[in-house]
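Encoded as structure tokens, the structure appears first; notes follow it.
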Amino acid sequence: MDNAKSNIVKSLNALFSTENQVYVKYEAMKSLMTLGYLDEQMLIFIAQCLNEGSQELKIDLMTFTVDNKTCNKQEYLAKCVPLQQCLCQHLQDSHPCVSVHAALLLSSMQCEKNRCVAILKTALHTLDSTHQVKALSCLVNMWHCWDKEVLSSALQQLHTHIDWQQRLSVAKLLRVIGACVLDEMTEVEVFEVLHQRLYDEPIEAVRCEIGQLMADLNMSEKAQTVLLGWLECEDEFKRAAAVVALGAFGAKTVHILHSLLDCLELDPSIYVRAQVVRLLGRVKYDSHHVVNKLLEISKGSGLIARESQLALQKISSQSR
């Protein structure tokens, strides 16, 4: 810890230890946790706030503690028996957000497995999508629970969640589960959701994670065959989406490369050809055939020429 941060922690710790106003003490504690500091006195204060505080304070404190990534919570939380006892009581709280966050915190301590799993599974159907993703993450990472109920919820969140970062988190969770997905669900069910999401997904990082997941499940060849077939359809937006989706697999096989170059040469849509050029630059094809083709196009004018120049810059930056 550098001197500046150390001095801030000392000042906040002194404020936390001496302050009589609960609100100020509470905010000082949250600031200390944000800086990665957590001790026994703070844990006792957390238990006190959960026992005596309002419903709003309980939800705020539990949400903050669950979401706080800077503290090594597991190491400290597991040592505080009063806090564990308090959280166990809150598993029965009538407010679903309180009971779910109590289950999330107890799960990080590896306590009360059966009760926690039951509450977290209920959250998959009753709470909003953000809480559902938290519950999914805990069920998979902490309890290694991935039955059909959990997997169906994960695929639903991947397909519908409005936040791309949450979709990315779910895709990564499914990669943790890996081939076990197919022990609980049919290949047709899983492929349909993943392929549709791959086609519809606007964020490259999520597409790439889905592509890796499909490769893990030995579905990438089937997906690529379907996407290559879409390059022949009449709908230009479907052809363009197919080009973008192919990038999720790296798109570096000879067959895919030839199909993309044919598309670049023959497709009547400027929009589709632009997507091909962007993909060539994004994947950074450095074969002489690709570079020469892009050099030829870049000498012209218009959108495709400009895109080719940008793609060449990306490819040349890789070879330096």
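No experiment lies behind these values; they were computed from the predicted model shown.
- Contact record, Ala135 with Ala123: CB-CB, 4.2 Å, taken as the closest heavy-atom pair.
- Between the SG atom in Cys80 and the CG atom in Leu38 there is a gap of 9.0 Å [rounded to 0.5 Å].
- The hydrophobic cluster containing Val9 also contains Ile46, counting ILVMFWY residues as joined when their side-chain heavy atoms lie under 4.5 angstrom apart, directly or transitively.
- Environment of CD in Glu192: sparse, with no more than 12 heavy atoms of neighbouring residues, nucleotides or ligands closer than 6.0 Å.
- One side chain, Asp200 or Gln196, offers a donor N or O that lies under 3.5 Å from an acceptor on the other.
- When atom types are taken as modelled, the side chain of Arg207 and the backbone of Glu201 share a donor-acceptor pair closer than 3.5 angstrom.
- Separation of atoms CG (Leu43) and SG (Cys86) is listed at 11.5 Å; rounding is to 0.5 Å.
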In residues 172-189, what donor-acceptor pairs under 3.5 Å come from side-chain atoms, sequence neighbours left out?
| unit_1 | atom_1 | unit_2 | atom_2 | d |
| --- | --- | --- | --- | --- |
| Arg175 | NE | Asp216 | OD2 | 2.8 |
| Arg175 | NH1 | Glu209 | OE2 | 3.3 |
| Arg175 | NH2 | Asp216 | OD2 | 3.2 |
| Thr186 | OG1 | Glu189 | N | 3.1 |
| Thr186 | OG1 | Glu189 | OE1 | 3.2 |
| Glu189 | OE1 | Thr186 | N | 2.9 |

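- Listed by chain and residue number, Leu295, Leu312, Ile315 satisfy the side-chain contact (heavy atoms from CB on, under 4.5 Å) test with Val291 (two or more places apart in sequence, or in another chain).
- Within 6.0 Å of the CD1 atom in Ile162, the count of heavy atoms belonging to other residues, nucleotides or ligands does not exceed 12.
- Among all heavy-atom pairs drawn from Tyr37 and Met42, the shortest one is O-CE, 3.4 Å.
- There is a path of hydrophobic side-chain contacts, each under 4.5 Å, that joins Val133 to Trp164.
- Take Phe64 and apply the side-chain contact (heavy atoms from CB on, under 4.5 Å) test, not counting sequence neighbours, and it matches Lys30, Met33, Thr34, Asn68.
- When all heavy atoms of Gly247 and Leu279 are compared, the closest pair comes out as CA-CD1, 3.4 Å.
- Counting heavy atoms from C-beta on, the side chains of Thr65 and Met62 never come closer than 4.5 Å.
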Report task. Run the numbers on Leu105 and Leu83 for side-chain contact (heavy atoms from CB on, under 4.5 Å), then give the verdict. Result -> CA-CA 10 Å; Leu105 287 169; Leu83 181 57; over 6 Å; no
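- Val244 and Val226 fall into different hydrophobic clusters, defined by Ile, Leu, Val, Met, Phe, Trp and Tyr side-chain heavy atoms under 4.5 Å apart, directly or through other members.
- The nearest pair of heavy atoms linking Cys111 to Gln84 is SG-OE1, 3.7 Å.
- Side-chain atoms of Leu231 and Val272, non-hydrogen and from C-beta on, never get closer than 4.5 Å to each other.
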Could you pull out every donor-acceptor pair under 3.5 Å between side chains of residues 151-160 and any protein atom, sequence neighbours left out?
| unit_1 | atom_1 | unit_2 | atom_2 | d |
| --- | --- | --- | --- | --- |
| Ser152 | OG | Lys148 | O | 2.8 |
| Gln157 | NE2 | Gln132 | OE1 | 2.4 |
| Thr160 | OG1 | Gln156 | O | 2.8 |

Going through the checks in order, is the side-chain contact (heavy atoms from CB on, under 4.5 Å) test met by Val276 and Leu280? CA-CA 6 Å; Val276 173; Leu280 293 174; 4.2 Å; yes
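- His255 NE2: 12 or fewer foreign heavy atoms inside a 6.0 Å radius.
- By the side-chain hydrogen bond (donor to acceptor under 3.5 Å, both in side chains) test, Asp147 is found to be paired with Lys121, residues two or more places apart in sequence or in another chain being considered.
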message: As a quick check of understanding, evaluate side-chain contact (heavy atoms from CB on, under 4.5 Å) for Asp67 and Lys134, giving each step before the final call.
response: CA-CA 9 Å; Asp67 293 343; Lys134 287 183 183 180; 3.1 Å; yes
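- Remark: side-chain polar atoms of Lys314 are not paired, donor with acceptor, to backbone N or O of Gly281 under 3.5 angstrom.
- Using a 30° and 60° split on the angle between ring planes, His144 and Trp146 fall in the perpendicular class, above 60°.
- Under a cut-off of 6.0 angstrom, the local environment of CD in Glu221 is sparse, with at most 12 non-hydrogen atoms contributed by other residues, nucleotides or ligands.
- Between the side chain of Lys5 and the backbone N or O of Leu35 there is at least one donor-acceptor pair closer than 3.5 Å.
- The closest side-chain heavy-atom distance from Thr130 to Asp163 is not below 4.5 Å.
- Using a distance-only test at 3.5 Å, with no hydrogens or angles considered, no donor-acceptor pair links the side chain of Asp60 to the main chain of Glu56.
- Under the 4.5 Å side-chain heavy-atom criterion for ILVMFWY residues, a single connected hydrophobic cluster contains both Ile203 and Leu213.
- The aromatic rings of Tyr26 and Phe45 are tilted relative to each other, their planes meeting at an angle between 30° and 60°.
- Rounded to the nearest 0.5 angstrom, Cys88 SG and Arg115 CZ are separated by 6.0 Å.
- A distance of 6.0 Å separates CG of Leu227 from CG of Leu198, quoted to the nearest 0.5 Å.
- For the atom pair CD (Gln313) and OG (Ser298), the distance works out to 10.0 Å, reported to the nearest 0.5 Å.
- The hydrophobic cluster containing Leu260 also contains Trp230, counting ILVMFWY residues as joined when their side-chain heavy atoms lie under 4.5 angstrom apart, directly or transitively.
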Item to complete: Take Leu104 and Ser107 through the test side-chain contact (heavy atoms from CB on, under 4.5 Å) and record every step on the way to the result.
Response: CA-CA 5 Å; Leu104 290 168; Ser107 295; 5.7 Å; no
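- Between the side chains of His131 and Asp128, a donor-acceptor pair is found at a separation under 3.5 Å.
- In this structure, Arg273 does not pair ionically with Glu307, as no charged nitrogen and carboxylate oxygen lie closer than 4.0 Å.
- Between Pro202 and Arg197, the shortest heavy-atom distance links the atoms CD-NH2, 3.8 Å.
- Crowding of Lys222 atom NZ: a count of heavy atoms from other residues, nucleotides or ligands under 6.0 Å exceeding 12.
- The shortest non-hydrogen separation linking Ser31 to Leu12 is CB-CD1, 3.7 Å.
- By the 4.5 Å heavy-atom criterion applied to side chains, Ile297 and Gln309 are not counted as neighbours.
- Ser308 contributes atom OG, which lies 11.0 Å from atom CZ of Arg278 (distance to the nearest 0.5 angstrom).
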Enumerate, atom names and distances included, each donor-acceptor pair closer than 3.5 Å involving a side-chain atom of residues 236-243, sequence neighbours excluded.
| unit_1 | atom_1 | unit_2 | atom_2 | d |
| --- | --- | --- | --- | --- |
| Glu236 | OE1 | Ser269 | OG | 2.4 |
| Arg239 | NE | Asp267 | OD2 | 2.7 |
| Arg239 | NH1 | Cys233 | O | 3.1 |
| Arg239 | NH1 | Glu234 | O | 3.0 |
| Arg239 | NH2 | Asp267 | OD1 | 3.0 |

